[in-house]
2 protein chains.
Amino acid sequence: MSSCDTCVVRNRAICAGLDNQEIAALNVMGRRRAVAAGEPLIWEDDDSLLVANVIDGVLKLVTSTEDGREQIVGVAYPSDFIGRPFGQTSRASVVALTDARVCVFARNDFDRFAREHPELEHKLLERTLAELDRTRSWMMLLGRKTAPEKIATFLLEMSERLDDTGCTPKVGAARRFSLPFSRQQVADVLGLTIETVSRQFTKLKNDGVIELPSRREVEIIDRGALVSIAG
Amino acid sequence: MSSCDTCVVRNRAICAGLDNQEIAALNVMGRRRAVAAGEPLIWEDDDSLLVANVIDGVLKLVTSTEDGREQIVGVAYPSDFIGRPFGQTSRASVVALTDARVCVFARNDFDRFAREHPELEHKLLERTLAELDRTRSWMMLLGRKTAPEKIATFLLEMSERLDDTGCTPKVGAARRFSLPFSRQQVADVLGLTIETVSRQFTKLKNDGVIELPSRREVEIIDRGALVSIAG
DNA sequence: GTTCAGCCTTGACCAAGGTCAAATCGGTTT
DNA sequence: AAACCGATTTGACCTTGGTCAAGGCTGAAC
C-alpha cells in the first residue's frame, strides 16, 4: 500500500485526479519528510533541486536583502505546492513556521513526470494562476494600504485560512484562531516593523474589535469593524 | 495565409512551438485588436471573458481600492500573455499605456483549446511561474525598500525591458529609453506618490546619475551608482 | 517555585515620505 | 504670439510609521 493512499491531502493537492497507476509512479518518486518549526526546506537563490506538496503545517516563502531586511512573499498551507519547477533557481527560501510534513520530489523527476502527465500540469497551472492572483492582491496591500488597513486585512485573511474549532470542512471564517506567525513574522508579511504590529494589535484590543487570549491566539469580537477598517 | 504567419511575436509568445495545424486552429479562434493608449481591455472583477497575447505596445495590470488608490500589479510587454484563463473573474484591470496591438481570444475557446494542447499549457505554466517570481520580487520592493531604492530598482528594470536604440535582439540593458509611464503611473508601480517620484528623479539628475532629456526620456549616466542605490 | 531567555509591549523621539498649495513647463489651440 | 491646459516640479509643513531604549510577560528548564 502506497503512502499516497493514506495521504490526508490526496484529494486536494495537485495529485487529485490522477489514476492509480500515476499515483503509484508519483509514490515511487516522492518521499515524506518532516520539517521542524524554524527549519528551512529550500534556500533562496540556490539551485532549485526539490519541489513538494505540503501535507500539514504552515511554511513561509521569504526573500531577503543583503542587509537583512526580510519580506514574506507567500505562505503555504496543507495541500499547497511549493518550490520552483521548470526553473534553475528558487527565488525565495521556504522555511517551516510550524512543525510540518511535506511530500518532496527531486525537481528533475517531477519536471519529467509533469511533462508526461498533462492533467498534473493543468492542476499546477490552476494553482499557480490562483497564487498569482493572491500575490497581486497582496501587492496592493503592501503598496497602498495603511498600517491599520494592513493589520485588519491580515486578520481577516487568517480567519479564513485557519480554524481552531476543529470544524472540518471549514464553514466560512473562524472566529478564533491561533496564528502560525510571531509578531516579527506578521511584520515581515505586511511590510511593517514589529513595534507597529504590536501597537495596532493593542489598539484593536482596546477598541474591543479583537481579544488576544495569548500571544499567538486571536479572537475576532467585531468582524464588521475589522472589515470596515480593512477598507 | 493566416495572420499568425506574419506575427512578430510568433516565436516568443506561448504560440511558439505549436505545429501548423494547431496554429491554424488558434488563428480561427483569435482576432487582432488595437487598443489605444489609456483604453482598457479588461476590467477588474468583471467576468473573465477574454485573454490575449500582446503583439506590441505596453499595458498595465492595475487594482484599485474603493477610495481610488491604485496599485499597478504588473506590466505586459510584447509576447506577454494577459487575462485570467481557467477562472471566473479577472482580479485586475488591463489598460494600455501606449497604443497597443493584441491578439485576443474568447476565454472559453482558449481554455478548451489549451486543455487539448498540453504543449500550449506547458508554455503558459512556464510563463505564469516566471511572472510569479517577478511579482514576488516586486513584493520585496513594495514592502521593504525605501523611495530611493525603489526608484533606482525601477530604472534598472526599465532599462532592461526597453530600448530606444532600435537594437533587436537586445544586447543587455539600454542606456537610454523612453518610459511608457507618466510620473503618476511610476508612483502607482512603486507604491509612492507622484511628488516623491518627482523629487527622487530630480535628485538623481542633480547627482549626475541620470539625465532627463524630456518628460518621458531617461538616460543612465552612472549605472554603477544606480545599482548601488538599488541595494 | 524560581530563573532565565526570548518575545512582546510601551514610551519618547525622529525622519521618510505624504499632503496641500503654488509655480513652472511643454504642448496645443486660437 | 498669446492663451490655455494638463503634467510636473518645487516648497512648506505635517503625519505615519520607524528607531531606539526600557520594561514586562510567558513558557520552558531546572
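Chain naming here is simple, since letters A, B, ... match the order of the sequence lines and numbering starts at 1 in each. Keep in mind the model is a prediction, meaning the values are calculated, not measured.
- Straight-line distance from the CZ atom of B:F201 to the P atom of D:dT9: 8 Å, rounded to whole Å.
- Note: CZ (B:R216) to P (D:dG6) measures 16 Å, nearest angstrom.
- A straight line from CZ of A:F181 to C1' of C:dG6 spans 20 Å, rounded to a whole angstrom.
- Using modelled atom types, one finds a donor on one side chain and an acceptor on the other under 3.5 Å when comparing A:R223 with A:S159.
- Atom CD1 of B:I72 is separated from atom NZ of B:K60 by 5.0 Å, given to the nearest 0.5 angstrom.
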- Note on the structure: Expected string for nucleotides 15-26 of chain D under the B/S/- scheme (protein heavy atoms, under 4.0 Å, primed atoms plus P, OP1, OP2 as sugar-phosphate) is --SSBB---BBS

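- If you take CD1 of B:I194 and P of C:dG17, they are 17 Å apart, rounded to a whole angstrom.
- At a threshold of 4.0 angstrom between heavy atoms, the contacts of B:S182 are confined to the sugar-phosphate backbone, with no base atom among them.
- Remark: P of C:dC7 and CD of A:Q185 are 10 Å apart, rounded to the nearest angstrom.
- Rounded to an integer number of Å, the gap from A:I151 CD1 to C:dC8 P is 13 Å.
- For the pair B:L190 CG and C:dG17 C1', the computed distance is 13 Å after rounding to whole Å.
- Applying the side-chain hydrogen bond (donor to acceptor under 3.5 Å, both in side chains) test to A:D207 and every residue at least two apart in sequence or in another chain returns A:K203.
- Using a 3.5 Å distance cut-off with no hydrogens or angles, the side chains of A:S137 and B:R91 do pair a donor with an acceptor.
- Heavy atoms only, all atoms of each residue included: A:N27 and A:C4 are closest at OD1-SG, 3.1 Å.
- A 6.0 Å sphere centred on CZ of B:R31 holds no more than 12 heavy atoms belonging to other residues, nucleotides or ligands.
- A:F154 has its ring centre no less than 6.0 Å from the ring centre of A:F201.
- Taking atom NZ on B:K203 and atom P on D:dT9, their separation rounds to 16 Å, with Å as the unit.
- Distances shown here put every side-chain N or O of B:S214 at or beyond 4.0 Å from the OP1 or OP2 atom of C:dG26.
- In this structure a side-chain-to-backbone donor-acceptor pair under 3.5 Å is present from A:D99 to A:A37.
- Residues from residues 66-76 of chain B that place a heavy atom under 4.0 Å from any atom of DNA chain C: there are none.
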- Message: With ring-ring contact (aromatic ring centres under 6.0 Å, His included) as the criterion, how do B:F110 and B:F81 come out once you've worked through the C-alpha distance, each side chain's angles and the decisive distance to 0.1 Å?
- Response: CA-CA 12 Å; B:F110 180 86; B:F81 181 85; 5.2 Å; yes

